[in-house]
Enquirer: 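Let me give you the structure first, and then I'll get to my questions.
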Amino acid sequence: CTESYAEKYYNRADVQRAFHANLTRIPYKWTACSDVLIKNWRDSDSSVLPIYKELITAGLRIWVFSGDTDSVVPVTATRFSLSHLNLPVKTRWYPWYSGKQVAGWTEEYKGLTFATVRGAGHEVPLFQPKRALVLFRSFLAGKKLPKS
Amino acid sequence: RPSVPKQQELDRIKELPGQPKVKFSQFSGYVTVNERHGRALFYWLTESSSSPHTKPLLLWLNGGPGCSSIAYGASEEIGPFRINKTASSLYLNTFSWNREANLLFLESPSGVGFSYTNTSSDLKDTGDERTAQENLIFLIKWMSRFPQYKYRDFYIAGESYAGHYVPQLAKKIHDYNKAFTKPIINLKGFMVGNAVTDNHYDSIGTVTYWWTHAMISDRTYKSILSHCNFTAEKASDQCDESVNYAMNHEFGNIDQYSIYTPTCL
């Protein structure tokens, strides 16, 4: 329901003033998502896997995570897609921990780290904020997710 | 204190209505990404709560396409503030990612949230390519306004359809940087969650999830797999029928974005 709170807050005139936003008086209300854009989206790559291949070769740090209770872009979708990169496994599948509980599972490939987040839906940091922060810390540090 | 560009100071947020006292700085404003059409992107920077000068910069994008980074990324997910039920005040998020990094939320493309265009037809022909290109233009111009972030370790993150935006922008930056020995956008990596990656494989994996999580029957599972060609531009009528049956008769009244969470009434 938090989306509806945002719809109210960001349409307040005093909030927009504080943000220096909407100075040109946009002729429609602020919305969390634009129906017009989604209906008229012009070009969309059918796959971004070729970009992954190029950027892995370039040596960028790439992490992919998946909240395991999302059914819109679910964990099996991501795993199935990533499997077609055919990356060699660097660190084999293991459960990672946060607060003495299994926070998900992870596998490190050569050039890409994949991690699931247990109990999280589509918006992982909303549903599992502590686990998401642990994930982010590990990503920034370039370190493995905690094994205990 | 080092001198900062004037525009940066004009963008400083003194305080948001209903905001608790905080020790970090915030800035927000517009960056024009296309003069001719009058397209401008809105950003909100929430600096790190401790030693922002030493922390990396993270750009967060939401998906949709057409969804707001400040609605989802900032206010629901990784940002320092949450909005209360009556939208009268804000409260702090204990697990905000600005403990670890300076967070840059970007409303992208124009037409999302506070970002706008002066050419209304732009709203009907936006797509991946323009989004990536204008996000790159935004970054280059934004760094002129915030030079303290030039050469700083830089990461991009996002979720859902940002599974397109994030790697596409990373590639644009990577290509742009090839012309410089020491590029100002010091891209180190990216991270995406529940991200749209490949139409064909994502679709098969999604139907498999529905079946393995007992959201659909064996019969519907088999029907979808036999009638849907996920590489086709347009789904067949039989495919649509099978998927619609699953959604209308088998899923139940659930939140598809979090299947064990009560739906919002």
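Throughout, protein chains are lettered first and strands after them, A, B, ... in sequence-line order, and every chain is numbered starting at 1. Just the heavy atoms: all of them, side chains too, but no hydrogens, waters or symmetry mates, feed the values below.
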Enquirer: Name the region of Lys14(B), side chain, backbone, both or neither, that has any atom closer than 4.5 Å to a heavy atom of chain A.
Expert: neither

Enquirer: Find the one option among Lys130(A), Glu7(A), Arg79(A) whose heavy-atom pairs under 4.5 Å with chain B are most numerous.
Expert: Lys130(A)

Enquirer: Hey, does Arg12(A) have a side-chain heavy atom less than 4.5 Å from the side chain of Pro17(B)?
Expert: yes

Enquirer: Report yes if some heavy atom in the side chain of Ser44(A) is under 4.5 Å from a heavy atom in the side chain of His164(B); otherwise report no.
Expert: yes

Enquirer: Under 3.5 Å, is there a donor-acceptor pair between the side chain of His213(B) and the main chain of Ser71(A)?
Expert: no

Enquirer: Is there a side-chain contact between Glu100(B) and Leu133(A), using heavy atoms and a 4.5 Å cut-off?
Expert: yes

Enquirer: Any side-chain heavy-atom pair from Leu140(A) and Pro56(B) closer than 4.5 angstrom?
Expert: yes

Enquirer: Pick one of side chain, backbone, both or neither for Ile38(A), based on which atoms fall under 4.5 Å of a heavy atom in chain B.
Expert: both

Enquirer: Taking every heavy-atom pair that is under 4.5 Å apart, which of Phe127(A), Phe136(A), Phe139(A) has the most such pairs with chain B?
Expert: Phe136(A)

Enquirer: Counting C-beta onward and ignoring hydrogens, is there a side-chain heavy-atom pair between Met191(B) and Val64(A) closer than 4.5 Å?
Expert: no

Enquirer: Could you check whether the rings of His84(A) and Tyr201(B) sit parallel, tilted or perpendicular, using 30° and 60° as the cut-offs?
Expert: parallel

Enquirer: Is there a donor-acceptor pair under 3.5 Å between the side chain of Asp128(B) and the backbone N or O of Asp45(A)?
Expert: yes

Enquirer: What option among Asp70(A), Thr31(A), Val36(A) has the most heavy-atom pairs under 4.5 Å with chain B?
Expert: Asp70(A)

Enquirer: Roughly how far, to the nearest 0.5 Å, is CH2 of Trp41(A) from NZ of Lys124(B)?
Expert: 15.5 Å

Enquirer: Hey, does Tyr10(A) have a side-chain heavy atom less than 4.5 Å from the side chain of Ser75(B)?
Expert: yes

Enquirer: Between Phe114(B) and Phe19(A), how do the two ring planes meet: parallel, tilted or perpendicular, split at 30° and 60°?
Expert: tilted

Enquirer: In terms of heavy-atom pairs under 4.5 Å, which option from Arg17(A), Lys39(A), Glu3(A) contacts chain B the most?
Expert: Glu3(A)

Enquirer: Verify side-chain hydrogen bond (donor to acceptor under 3.5 Å, both in side chains) between Asp198(B) and Ser47(A), making sure each step is shown before the conclusion.
Expert: CA-CA 4 Å; Asp198(B) 179 288; Ser47(A) 176; 2.8 Å; yes

Enquirer: For residues Tyr72(B) and His122(A), determine if any side-chain heavy atom of one lies less than 4.5 Å from a side-chain heavy atom of the other.
Expert: no

Enquirer: Picking from Thr78(A), Ile26(A), Leu23(A), which has the most non-hydrogen pairs under 4.5 angstrom with chain B?
Expert: Ile26(A)

Enquirer: In Å, rounded to the nearest 0.5 Å, how long is the span from OG1 of Thr131(B) to CZ of Arg42(A)?
Expert: 9.0 Å

Enquirer: When heavy-atom pairs shorter than 4.5 Å are enumerated against chain A, which of Gly163(B), Gly127(B), Gly189(B) gives the highest number?
Expert: Gly127(B)

Enquirer: Does any part of the side chain of Arg61(A), heavy atoms only, come nearer than 4.5 Å to the side chain of Tyr155(B), both counted from C-beta?
Expert: yes

Enquirer: Below 4.5 Å from any heavy atom of chain B, which atoms of Glu123(A) appear? Answer side chain, backbone, both or neither.
Expert: both

Enquirer: Counting heavy-atom pairs closer than 4.5 Å to chain B, which one of Ser4(A), Ser46(A), Ser83(A) comes out on top?
Expert: Ser46(A)

Enquirer: Quick one: what part of Asp35(A) sits under 4.5 Å from any heavy atom of chain B, side chain, backbone, both or neither?
Expert: neither

Enquirer: Could you tell me whether a side-chain N or O of Trp63(A) sits under 3.5 Å from a main-chain N or O of Phe190(B), the two making a donor and an acceptor?
Expert: no

